[in-house]
Amino acid sequence: MELFVFIVAAAVILTGALGVVLRSNPVHAALSLVQTLFGVAVLFVAQEAHFLAAVQVIVYAGAIVVLFLFVIMLLGVDRADDLRVEPLKVQRPAALVVGACGLGALLAAVLVGNPITGAHGQGEPNAEGEGNVNALARSLFGDYVFAFEVTALLLVIAVIGTLLLTRRPPRADADDEPELLP
Amino acid sequence: MIVALEVTTSWYLALGAALFTIGAVGLLIRRNPLVMFMCVELMLNAVNLTFVALSHHLGDVSGQTVVFFVLVVAAAEVVVGLGIIVAILRRKPGATADDIAYLKG
């Protein structure tokens, strides 16, 4: 059963990822990204990370991809790119060679190398009895509470920075503010 | 059923490696900045999958905590990155990565 789940989820993930790279229309690429994210969420459930599976669907598929689609629709760039245009002649073969080498190195490290050992960490065990959410909450608000607070600061800075970045200039004639881009 | 295959952690790591490679190659060959951003999301998801697989393997929930932080950073990154893309595409509609070469000199 776990094998079946893994194979189906892996097929969903890989076809979605290839769809992101190969589909010429950005909207189709975004929908393929949703497919990949759902496949990853299924594998999270298979690995007993139930809370992260829910967060994956809500944050990624619910917020991030909607933001992508919103920007695509807002800017009106939802026409298909011409994928045959290749400004640098050697770019795609070089990218494929680099990708093949990277994949080979990673797979060699994972499959041929030493089996994964590693000492069990000092953190909270992934307790089966009390549930995944409790263990994750104790880790997040216990060991990592300072990092958690810093992420709140990060989000506030990101929101303020984006507001300043995408604000329209106040007046067209008041050109005392330097232009960000030519 | 001929062979009762068991899904080990290495399978998840191999799938994460494949997903990361697809994202990296897509980042290198695509020129639409939005699609390049989606490829970055693919790579982040590959790393998340690896973290969760090792967390399950080692019986330690800290890996899932790291995935939580990766999610937060990905959300902040998307907000800032899409803001930059909106600012660029508003001035130059249809700009690709090749058109944004002001620092080239």
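Atoms considered below: every heavy atom in the structure, side chains included; atoms not considered: hydrogens, waters and symmetry mates.
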Note to self: For chain B, which candidate among A:I64, A:V65, A:V150 shows the most heavy-atom pairs at distances under 4.5 Å?
What the structure shows: A:I64

Next item on the list: Would you please classify the geometry between the B:F37 ring and the A:F68 ring as parallel, tilted or perpendicular, with 30° and 60° separating the classes?
Entry: perpendicular

Checklist line | From CA spacing to verdict: side chain to side chain contact (heavy atoms under 4.5 Å, CB included), B:E77, B:E41 | finding: CA-CA 10 Å; B:E77 170 225 333; B:E41 297 300 318; 3.8 Å; yes

Note to self: Check for me, please, whether A:L154 and B:V47 land in the same ILVMFWY cluster - side-chain distances under 4.5 Å, paths through other members count.
What the structure shows: no

Checklist line | Contacting region of A:L163 [heavy-atom separation from chain B under 4.5 Å] | finding: neither

Next item on the list: Name the member of A:L37, A:T36, A:T162, A:L106 that forms the most heavy-atom pairs with chain B at distances under 4.5 Å.
Entry: A:T162

Check: Are A:V42 and A:V12 close enough that some pair of their side-chain heavy atoms sits under 4.5 Å apart?
Finding: no

Item checked: Part of A:L52 within contact of chain B (heavy atom distance under 4.5 Å) -> side chain

Notebook entry, point to check: Out of curiosity, does A:F38 fall in the hydrophobic cluster containing A:V66 (side-chain heavy atoms, cut-off under 4.5 Å, transitive links)?
Noted result: no

Check: Which one of B:A53, B:G63, B:G23 has the most heavy-atom pairs closer than 4.5 Å to chain A?
Finding: B:A53

Checklist line | Residue among B:L34, B:I85, B:V66 with most heavy-atom pairs under 4.5 Å to chain A | finding: B:L34

Check: Taking B:V52, B:V25, B:V35 one by one, which has the highest count of heavy-atom pairs under 4.5 Å against chain A?
Finding: B:V52

Checklist line | When B:L19, B:L82, B:V86 are compared by non-hydrogen pairs under 4.5 Å with chain A, the top option | finding: B:L82

Item checked: Toward chain B, the part of A:F148 with a non-hydrogen atom under 4.5 Å -> both

Item checked: chain B contact via A:T166 - which portion, at a heavy-atom distance below 4.5 Å -> both

Next item on the list: With a 4.5 angstrom heavy-atom cut-off, could you sort out which part of B:A24 is near chain A: side chain, backbone, both or neither?
Entry: neither

Note to self: For A:Q35 and A:T15, which I'm curious about, is there any donor-acceptor pair between the side chains at under 3.5 Å?
What the structure shows: yes

Check: Which of the residues A:A100, A:G16, A:A17 is involved in the greatest number of heavy-atom pairs with chain B at under 4.5 angstrom?
Finding: A:A17

Margin query: Is A:A9 in contact with chain B via its backbone, its side chain, both, or neither, using a 4.5 Å heavy-atom distance?
Written below: neither

Checklist line | chain B contacts, top residue of A:V59, A:L14, A:L96 (heavy-atom pairs, under 4.5 Å) | finding: A:L14

Item checked: hydrophobic_cluster_shared for B:V73 and A:Y60, side chain cutoff 4.5 Å -> no

Check: Is the number of heavy atoms from other residues, nucleotides or ligands within 6.0 Å of CZ (B:F69) greater than 12?
Finding: yes

Item checked: Between B:L27, B:N45, B:I29, B:N48, the one whose heavy-atom pairs under 4.5 Å with chain A are most numerous -> B:N45

Note to self: Quick check on the interface: out of B:L89, B:T65, B:N32, who has the most heavy-atom pairs with chain A under 4.5 Å?
What the structure shows: B:T65

Checklist line | Contact class of A:A30 relative to chain B, heavy atoms under 4.5 angstrom | finding: both

Margin query: Walk me through whether B:L42 and B:F20 qualify under side chain to side chain contact (heavy atoms under 4.5 Å, CB included).
Written below: CA-CA 7 Å; B:L42 284 182; B:F20 188 89; over 6 Å; no

Margin query: If we define contacts as heavy-atom pairs under 4.5 Å, which of A:I13, A:L43, A:V5 has the most with chain B?
Written below: A:L43

Check: Is A:V156 reachable from A:L164 through a run of I, L, V, M, F, W or Y residues, each pair having side-chain heavy atoms under 4.5 Å apart?
Finding: yes

Margin query: So if I apply the side chain to side chain contact (heavy atoms under 4.5 Å, CB included) rule between B:L44 and each of B:V78, B:V67, B:L71, B:V70, which one comes out positive?
Written below: B:V70

Checklist line | Under 4.5 Å from a heavy atom of chain B, the part of A:L103 involved | finding: both

Next item on the list: Please answer: with hydrophobic residues joined when any side-chain heavy atoms are less than 4.5 Å apart, are A:I157 and B:V79 in the same cluster?
Entry: no

